[in-house]
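Everything below concerns the one structure shown next.
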Amino acid sequence: MFLSDRVIRLAPSFALDLHYRYKEMLRRGKDVVSFGVGEPDFETPDHIKKAGIEAIEQGYTKYSVTPGYPELREAICVLLKRRYGLEYEPTNVIVSVGGKHSLVNTMIAVLNPGDEVLIPIPAWFSYHEPAKLMDGVPVFIPTRKEEEFQLKAEAVAKKITPKTKLLILNTPNNPTGSMMEEEELAKIASLAVRHNFYIISDEIYSEIVFDNRKHVSIAALDPRVKNLTIVINGFSKAYAMTGWRVGYAAGPKEIISALTVIQGHFTSGTNSMAQRAALAAVYGPQDFIKEMVQEYDRRRRYIVERVNSILGISCFPPHGTFYAFPDISTFFGKILRGRKIQNSLDFGNYLLESEGVAVVPGSAFEGEGHLRLSFACSMEVIKSGCDRIERAVTF
Ligand code: PLP
């Protein structure tokens, strides 16, 4: 009862609820598998681990400067140029405690009460809640399943008002696995320039792409849009470094300076040894990423084929990330083993309780009618999970 109004308004991440229930069932020795988590099941490569250990031994145990070690910010500039043709100076970059940290700090930096934040949906759940926390007003932009959830500039244009302050782009997308086309990004870039709003471009999955596709950053398309864009990325997904907590933002100097002030008050610099490990990640061998993506691709093909073979479920192949987003809406209104299924949460609960398979319901992402299946888990788990889903809906 003593909590602040803004915290009371904040919805918990109920998407993870099923995952926690799965963990509890696992702990109690139940036979369960999970498609729930959004983190690579690969280990951080050895040379990166070693760099972390050496950093501790060499005394990187003190505070780093708030925006991160200059050599790491320089390395991030090299990486962004090499991979996506983005040109930044180290002063355009801040290293943060994961990409999520920079994302939320950017909202603190740019949002005034009542500012509208455009969020294409389905979307990751950590966009609209932080926006609300900053007294921003989330405005959802629906995308269509028939278009593989591709965001269209036309749909963005319809939602722009004089209060629009920020658009959040996420390509490759969590939870749908869709990727934005350069042509559409260019049109959105023109809208941002014309109507003068910021873009947070969350590119955390930029390295996990399939079918020879190439990730395109909106900031690389035009210097004017680059000046309005804050690129969010990090080491969690590409280098299997989720627990190290190293991410970053790259953008206009004024914004990065504001993020540095904010970060100075909240966390100071990111964990020093983890920054040294991230440095080794940038300059070390990169083959690991290719091998990891090949393995994700193998799993992706399998999972898409398997779920599409189940009567009533349809799924387009994701183009990036490690998520499939099948449509399960044909089961709504039906009774499965005596239980009425009204929505994706009911369906998720039913799968966990009847067959011991954890998923994330689409409603957690404003994507009702779907499930998010993460294939960042072993082929064995994927096979067993698909068998279980098949059994659960076959009657
Ligand atoms: N953006 C999206 C869409 C994500 O799914 C995640 C993690 O799951 C992040 C950002 C943040 O990742 P991190 O804070 O580990 O860098």
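Both ligands and their constituent atoms are indexed starting at 1 by order of listing. Below, each value reflects all heavy atoms present in this structure, side chains not excepted, and no hydrogens, waters or symmetry copies.
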Polar-atom distance check: [X] versus ligand 1, any N or O pair below 3.5 Å?
{"X": "G99", "value": "yes"}
{"X": "D202", "value": "yes"}
{"X": "N174", "value": "yes"}
{"X": "Y323", "value": "no"}
{"X": "R245", "value": "yes"}
{"X": "Y205", "value": "yes"}

May I ask you to identify the nearest protein heavy atom to atom 9 (C) of ligand 1, giving residue, atom name and distance to one decimal place in Å?
W124 CH2, 3.4 Å
Would M134 end up clustered with V261 when hydrophobic side chains under 4.5 Å apart are linked, directly or stepwise?
no
Please state whether [X] comes within less than 4.0 angstrom of ligand 1, counting heavy atoms only.
{"X": "E39", "value": "no"}
{"X": "S236", "value": "yes"}
{"X": "N170", "value": "yes"}

In terms of heavy-atom contacts, does [atom1] of [X] have more than 12 from other residues, nucleotides or ligands at under 6.0 Å?
{"X": "E89", "atom1": "CD", "answer": "no"}
{"X": "Y283", "atom1": "OH", "answer": "yes"}
{"X": "K23", "atom1": "NZ", "answer": "no"}

Is there a donor-acceptor contact under 3.5 Å linking the side chains of Y296 and E291?
no
For ligand 1, which atoms, with element, lie under 4.0 Å from some heavy atom of [X]?
{"X": "K237", "answer": "6 (C), 7 (C), 8 (O)"}
{"X": "G98", "answer": "14 (O), 16 (O)"}
{"X": "Y127", "answer": "3 (C)"}
{"X": "I204", "answer": "1 (N), 2 (C), 4 (C), 10 (C), 12 (O), 16 (O)"}

Residue pair K50, E54: steps toward the salt bridge (Lys or Arg N to Asp or Glu O under 4.0 Å) verdict
CA-CA 6 Å; K50 205 159 155 257; E54 277 169 14; 3.7 Å; yes
Would a line drawn from the ring center of F347 to the ring center of F332 be shorter than 6.0 Å?
no
Centre of Y302's six-membered ring, under 6.0 Å away, within 45 degrees of the axis: is that where NZ or CZ of K383 sits?
yes
Closest heavy-atom pair, I256 versus N92, reported as atoms and distance to 0.1 Å, is CG1-O, 3.2 Å
